[in-house]
Amino acid sequence: MAANRAMVTLVREAKGWSQSELAEKAGLTQGYLSKVENGLTEMRGDRLEAVAAALNCPVALLENTDVQRGLEVSCLFHRRRKSRVTVGAAKRIEAISHLTQLTVNGLLNGVDMSTDITVDRMDIDDYDGDAEEIARLTRAKWRVPSGPIRDVLGLLDTAGIVVVIRPVGTAGQDAFSSWPPRHPPLMVINNGLPVDRLRFTACHELGHITMHVVPNEEQEDQANRFAAEFLMPADEIRPQLRGLTTRDFNKLLGLKAEWRVSVAALIQRAKSLDLISDRQFREFRVKLSQLGWHSAEPGRLPDEEPQLLDDVIARHRTEHGYTDEELATVGLMLPDNFRRRYLHDNGDTRPQLRVVSS
């Protein structure tokens, strides 16, 4: 079977390599690889195996024809600082998204997730741009108790949202998400984020998944507003932030521990609720900088880990008798790469989703 030229490009871009770099590592010419990726010649046999070895992936991945482009790309959302993401990094992010989706689809094949709560589309245009109202409705539909959310990733697990934490190849990208047809929503979150930023990022992506059927120019601001209301409902946190001054950083650290959000997010929330002026907001930002808290805040929060895929993998092992090598094959990955990315075996004892054979 010949390689799928689109998949060759996708895996190469996920590595962040140029055609010349891949050709050199595979012992081929850049001209030949260019013809392959442009559909002018087929790649089979020894050359296909050489490219797969260079890319550290199974041949089956390069032969796979399930490359979701078109509409799926338009539904790929990002939480990023745009000035820090180059064109090459953006291509790598998109490629990683598609490859992660392929692995997740393979792992979910043959299982059916039964959840007590579900994600409902609430198109932002149908709510006149009111992201806060959608956040309040989501909390209500999911029966989230009043006050802080103790475990954001656990909540997403119970809603059937697949969360994968892995390197995405750039510090300028916190996460990306998509909801392809006939599949559960997927979030990929950059590893190494502080817990407060991880939680806000996950809620930001939940906003995208819930509100944005297609992208719009205001989507990042809307997702931020959704996340702020979802994590810190205005009616509940407003009394705690009223009268805030730059002398209240100890109070802010206490609120950080209570609400499990960053001090910076609390200050931004006070600003968005008109509890501090523009001048006060600037003073807070200056104080944060002076304290060195822009890069790392004090106050350790409890770790959170997604559990859904761990549960799916456990069921494949125990009920279907899959070996780790067979799971890697299902996920279109080499065993060592699959173990590193997906086999955590962390002994998490939180209640699992009801995952049953399909």
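Basis for what follows: all heavy atoms, side chains included, without hydrogens, waters or symmetry-related copies.
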Any side-chain heavy-atom pair from [X] and [Y] closer than 4.5 angstrom?
X: Q307; Y: D310; answer: yes
X: L255; Y: L241; answer: yes
X: V111; Y: H320; answer: yes
X: R139; Y: P233; answer: yes
X: L62; Y: V11; answer: yes
X: V263; Y: L253; answer: yes
X: R182; Y: P180; answer: no

Flag if over 12 foreign heavy atoms under 6.0 Å of [atom1], [X]:
X: E24; atom1: CD; answer: no
X: K35; atom1: NZ; answer: no
X: K91; atom1: NZ; answer: no
X: D46; atom1: CG; answer: no

Item to complete: Kindly indicate, with the supporting measurements, whether the criterion side chain to side chain contact (heavy atoms under 4.5 Å, CB included) is fulfilled by V36 and V51.
Response: CA-CA 11 Å; V36 169; V51 169; over 6 Å; no
Worksheet item: Can you name the one residue among V195, V261, L198 that meets side chain to side chain contact (heavy atoms under 4.5 Å, CB included) with L301?
Response: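 Answer to the side chain to side chain contact (heavy atoms under 4.5 Å, CB included) test with L301 among V195, V261, L198: V195.
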Fill in: Sole candidate of E133, M211, K141 that passes side chain to side chain contact (heavy atoms under 4.5 Å, CB included) when paired with M122
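Answer to the side chain to side chain contact (heavy atoms under 4.5 Å, CB included) test with M122 among E133, M211, K141: K141.
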Fill in: Derivation of the salt bridge (charged side-chain N to carboxylate O under 4.0 Å, His left out) call for R225 and D221
CA-CA 6 Å; R225 286 162 41 209; D221 176 65; 3.4 Å; yes
With the 4.5 Å side-chain cut-off for hydrophobic clustering, are [X] and [Y] part of the same group?
X: V59; Y: M43; value: yes
X: W17; Y: L334; value: no
X: I117; Y: I161; value: yes

Worksheet item: Only one of H204, Q268, E229, Q219 forms a side chain to side chain donor-acceptor pair (under 3.5 Å) with N224, so which one is it?
Response: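 That would be H204; it is the only one of H204, Q268, E229, Q219 passing the side chain to side chain donor-acceptor pair (under 3.5 Å) with N224.
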Roughly how far apart are [X] [atom1] and [Y] [atom2], rounded to 0.5 Å?
X: S34; Y: L28; atom1: OG; atom2: CG; answer: 12.5 Å
X: E42; Y: L48; atom1: CD; atom2: CG; answer: 11.0 Å
X: E258; Y: M232; atom1: CD; atom2: CE; answer: 12.0 Å
X: S178; Y: E205; atom1: OG; atom2: CD; answer: 9.5 Å
X: E37; Y: Y32; atom1: CD; atom2: OH; answer: 11.0 Å
X: T210; Y: F226; atom1: OG1; atom2: CZ; answer: 4.5 Å

Item to complete: Any chance you could lay out the salt bridge (charged side-chain N to carboxylate O under 4.0 Å, His left out) test for E326 and R317, step after step, and finish with the verdict?
Response: CA-CA 10 Å; E326 288 169 335; R317 285 167 162 171; over 6 Å; no
Discussion item. Assess the residue pair E283 and K287 against the criterion (salt bridge (charged side-chain N to carboxylate O under 4.0 Å, His left out)); give the C-alpha distance rounded to whole Å, side-chain angles, the decisive distance to 0.1 Å, and a yes or no.
Written reply: CA-CA 6 Å; E283 290 173 351; K287 186 69 175 293; over 6 Å; no
Fill in: Pair Q222, H208: side-chain N/O donor-acceptor within cut-off below 3.5 Å
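No - no donor-acceptor pair under 3.5 Å links their side chains.
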Discussion item. For a side chain to side chain contact (heavy atoms under 4.5 Å, CB included) check, start with the C-alpha distance between W142 and I149, then their side-chain angles and the critical distance, and finish with the verdict.
Written reply: CA-CA 12 Å; W142 287 8; I149 299 174; over 6 Å; no
Practice prompt. In sequence, state the C-alpha distance, the side-chain angles, and the governing distance for R238 and D235, and then conclude on salt bridge (charged side-chain N to carboxylate O under 4.0 Å, His left out).
Written response: CA-CA 6 Å; R238 183 180 283 110; D235 289 346; 3.6 Å; yes
